[in-house]
There are 4 protein chains.
Amino acid sequence: MVWMKGVYDLMIKPREEKYHAILDAATEAFAEYGYYTCQVSKIAKLAGVADGTIYLYFKNKEDILVSLFSDRMGNFIREIQQSIAQCTTTKERLFCIIRTHFKYMQENRSLAIVTQIELRQSDPKIREAISGPLREYFHLIEQVLSEGVQKEEITLMDIKVGRQMFFGTLDAAISDWVSSRKPRPLEGIEELIYELMRGAFNIK
Amino acid sequence: MVWMKGVYDLMIKPREEKYHAILDAATEAFAEYGYYTCQVSKIAKLAGVADGTIYLYFKNKEDILVSLFSDRMGNFIREIQQSIAQCTTTKERLFCIIRTHFKYMQENRSLAIVTQIELRQSDPKIREAISGPLREYFHLIEQVLSEGVQKEEITLMDIKVGRQMFFGTLDAAISDWVSSRKPRPLEGIEELIYELMRGAFNIK
Amino acid sequence: MVWMKGVYDLMIKPREEKYHAILDAATEAFAEYGYYTCQVSKIAKLAGVADGTIYLYFKNKEDILVSLFSDRMGNFIREIQQSIAQCTTTKERLFCIIRTHFKYMQENRSLAIVTQIELRQSDPKIREAISGPLREYFHLIEQVLSEGVQKEEITLMDIKVGRQMFFGTLDAAISDWVSSRKPRPLEGIEELIYELMRGAFNIK
Amino acid sequence: MVWMKGVYDLMIKPREEKYHAILDAATEAFAEYGYYTCQVSKIAKLAGVADGTIYLYFKNKEDILVSLFSDRMGNFIREIQQSIAQCTTTKERLFCIIRTHFKYMQENRSLAIVTQIELRQSDPKIREAISGPLREYFHLIEQVLSEGVQKEEITLMDIKVGRQMFFGTLDAAISDWVSSRKPRPLEGIEELIYELMRGAFNIK
DNA sequence: GATGAATGAGCATTCATTCAT
DNA sequence: CATGAATGAATGCTCATTCAT
């Protein structure tokens, strides 16, 4: 692979290439079969690697799920943070989150499904591992709300409850979208949801 | 069983007694370990019956989960319907659902956990079986919202999105409550949530 | 059951009635499903008794099979002995056995099947238990052959081999008959088989 | 495995090696315990592999039995066909089948037992699967008899009945041999049986 | 690093047998 | 005697993980 040299930094390193192939495959497979119903060998086949190869990149099956979350949710949160950065008002920020949330999930339907499904695993070990990235997202929402209250751009008595409403609504919408075969595009409801939020938070 | 005679109608029939013992045990066990991580033998031990006995009352493990849902969600919905029946305004009805939802879940913490966890199983067979009772609840909420719009007691552009917000918010609150070790009692946030709903739906 | 008194000896005693009902049911059930594939509860249902009742009449499942053999093969051998008794020549006796063997099996198809199937169980305990009645039948055939040789009505160098041929042929014929759906009646082949025996044993 | 190079064609390929080890083990185990009484783990232990390994080579327990038959009976029939090929007269052919049948069974006592035992399983699925190779053997015998009649080397009114006698006799002899602890060698009775056949079929 | 054959612990389910009624 | 609900030992099969090549 001498020819690679010059462009090496533009490429995904082969090492990472396989890592991501496995993660992509796992996302698909978990989404279709669920974590417990999906065999590691299915992921391997989908990723085009041998069963054993998986264990060169991940400690065990659980680690795949956990890594998947860190990786994907990390991207998700980063994307949201970036899009928020350009907003000036709380109103804009909230609308921006709604839109980015929907856009991201729509572009990553499998991830949306996995999130829906596995977000609430009860196996305590898994829960704990997964809760990290999610908490980060919660924190981000709460920050926006907090700041909004401070700047008196919204009215809200309890930040946490506000976040529960905000996230819960988006989550329920995704849940419906994910479980229906012929879902209406999520874009259609962004406005509707925002309108409700406007009333709830008394957005200026 | 001569002694039974007079009090027979006060007793649970023995047959049903065991059925419910198993369902109770399963609720506890699924809540603690999750459906897949929980062995049938664990349920049996918790219910105080032999492993084989389970299969006199349920077709298989999956059937336990499904029955659990029909049974519990059935009760839940019935309780909500009863408490709504006495309300005269949409405002009262919505507040009533919030309170009953929280009360029921608080009294049945294990059920709350199981609901949170297994609501989103991806195993298609299980999902399908479980979706029935949940849909019924969704329908009930949508009816209340619909009627409120008709009577002009609330303002709402899209019933389904309204229901997503309403249910999603309650669900997210329960999710937080369930996953925290030392949760603040749910009663404390009923008012807070209602206040948000009032703004969102412009409740008169 | 006072009314029974006078006719009691003409009746099957109630005790025996149920015993035979179970044996009949077992014959049917074993024939259809095979010994191992057939549950005791299936026999009970077919016999119209409770599962537990079976164990008032039989020690265990194996005992049913063994009893079935003793009982049925006992009848079978007795019937053959009776029909042979009236014969005067070896020729007649051999033909008589062929005819009675076929007649009995045709009238008790289930028994024929069970015999075919379970005759050769390898579970040593079962084999041993079953071999008794069968040996008795072998002995009977060998006696007829022996006597025939002695009286010079047939020619045969080895009695045991002679019996193997005789029984083996009948058994193979029954086996074909049992396993074909639309078998030609066994009567049709009695003559054909006898003709072969005549040649083999050089029957006078 | 450089050392393998030169002798590779003399070796059994490793893949097949394990396949046959399992089949051999199953033959022994089924012979000793019977199909239903023999646990898969017993076969695995006897074959020197893990339980799970069995399922890399066979679909399930039943598949082992069926494969065993195809494989062994296939060999058996091939061997008989080869030995027949060199015979010129029906007389020789029939004697040859007797001798080869006995020789093969004597060299494969376990197979003989399994054949005796499982030939007549009533579980319809198993029967069907097993009947194939047996039918082939029947067909072979019938062909020899048919040809003999055509060439007027034997006299026989009904081919099928002739085959029943021929096979039934051999089978009964094997059955006796298999079930006796100290059997006289089968070679001793080849002549005796042939002599009976000679009479029965009027072999020229 | 990559492979995939081999492993064996783990589990849902069955069913002969018991025993309180 | 009769019942049938309850028992729990027994077993076929799966699948995450390992390791020799």
Side-chain angles (χ1 to χ4, degrees), chain A residues 14-15 18-19 22 35-45 47-64, chain B residues 1-2 4 14-15 17-19 22 36-45 47-64, chain C residues 14-15 18 22 35-45 47-64, chain D residues 1-2 14-15 17-19 22 36-45 47-64:
Chain A
R15 167 89 207 177
K18 217 159 247 179
Y19 176 86
I22 293 169
Y35 177 72
Y36 285 102
T37 316
C38 168
Q39 300 95 310
V40 171
S41 65
K42 221 168 241 165
I43 300 174
K45 183 176 285 183
V49 302
D51 291 18
T53 305
I54 300 238
Y55 291 87
L56 298 174
Y57 295 88
F58 299 92
K59 198 152 50 68
N60 51 32
K61 191 183 177 185
E62 187 187 317
D63 187 34
I64 304 175
Chain B
M1 290 232 209
V2 176
M4 265 192 177
R15 170 92 204 172
E17 200 169 14
K18 213 156 253 178
Y19 176 86
I22 293 169
Y36 285 103
T37 317
C38 167
Q39 302 93 313
V40 171
S41 65
K42 221 167 243 167
I43 300 174
K45 185 175 284 181
V49 301
D51 290 19
T53 306
I54 302 252
Y55 293 87
L56 297 176
Y57 295 88
F58 300 92
K59 200 152 50 63
N60 50 35
K61 190 182 177 187
E62 188 188 317
D63 188 35
I64 304 175
Chain C
R15 166 91 207 178
K18 215 159 250 182
I22 294 169
Y35 176 72
Y36 284 103
T37 318
C38 169
Q39 302 94 311
V40 172
S41 65
K42 221 167 241 166
I43 300 174
K45 184 176 284 183
V49 301
D51 291 17
T53 305
I54 301 238
Y55 292 85
L56 299 174
Y57 294 89
F58 299 92
K59 197 151 52 65
N60 51 32
K61 190 183 178 185
E62 187 188 317
D63 188 34
I64 304 175
Chain D
M1 292 231 212
V2 177
R15 170 92 203 174
E17 201 170 13
K18 214 157 252 179
Y19 176 87
I22 294 169
Y36 285 103
T37 317
C38 168
Q39 301 93 313
V40 172
S41 64
K42 221 166 242 166
I43 299 174
K45 185 175 284 182
V49 300
D51 290 20
T53 305
I54 302 253
Y55 293 87
L56 296 175
Y57 295 88
F58 300 92
K59 200 154 48 65
N60 49 35
K61 190 181 177 187
E62 188 188 317
D63 188 34
I64 304 176

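So that the names make sense, note that chain A is the first sequence line, chain B the second, and so on, each numbered from 1.
- Nucleotide E:dA6 holds its P atom 20 Å from the NZ atom of D:K45, rounded to whole Å.
- Taking NZ from D:K59 and CD1 from D:I64, the interatomic distance works out to 11.0 Å, rounded to the nearest 0.5 Å.
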Problem set entry | Intra- and interstrand pairs of DNA chain E - dot-bracket, Watson-Crick/G-U under 3.5 Å, | marks other strand | .||||||||||||||||||||
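- In terms of the side-chain hydrogen bond (donor to acceptor under 3.5 Å, both in side chains) criterion, residue partners of C:K42 (sequence neighbours excluded) are, by chain and number, C:Q39.
- Contacts of B:F58 classified as ring pair (Phe, Tyr, Trp, His ring centres under 6.0 Å), with partners at least two apart in sequence or in another chain: B:Y19.
- If you take CD1 of D:I54 and C1' of F:dT14, they are 14 Å apart, rounded to a whole angstrom.
- Spacing between atom CD1 of A:I64 and atom C1' of F:dC15 amounts to 13 Å, rounded to whole angstrom units.
- Here the shortest heavy-atom pairing between A:I43 and A:I22 reads CG2-O, 3.9 Å.
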Seminar exercise, completed: Readout for nucleotides 12-18 of chain E: B = base within 4.0 Å of protein heavy atom, S = sugar-phosphate only, - = neither; 5' to 3' it is SBBSSBB
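- OP1 or OP2 of E:dA6 has at least one side-chain nitrogen or oxygen of D:K18 nearer than 4.0 Å.
- Within the 4.5 Å cutoff, the side chain of D:Y57 has no heavy atoms near those of the D:V49 side chain.
- For the pair C:K61 and C:Y35, the cation sits on the ring face: its NZ or CZ lies under 6.0 Å from the ring centre, inside 45° of the axis.
- Residues meeting the side-chain hydrogen bond (donor to acceptor under 3.5 Å, both in side chains) test with C:D63, sequence neighbours left out: C:S67.
- The CG-P distance, from B:L56 to F:dG4, rounds to 14 Å in whole Å.
- Whole-Å rounding puts the B:F58 CZ to F:dA6 P distance at 12 Å.
- Nearest nucleotide to the D:A50 side chain, out of E:dA5, E:dG8, E:dG1: E:dG8.
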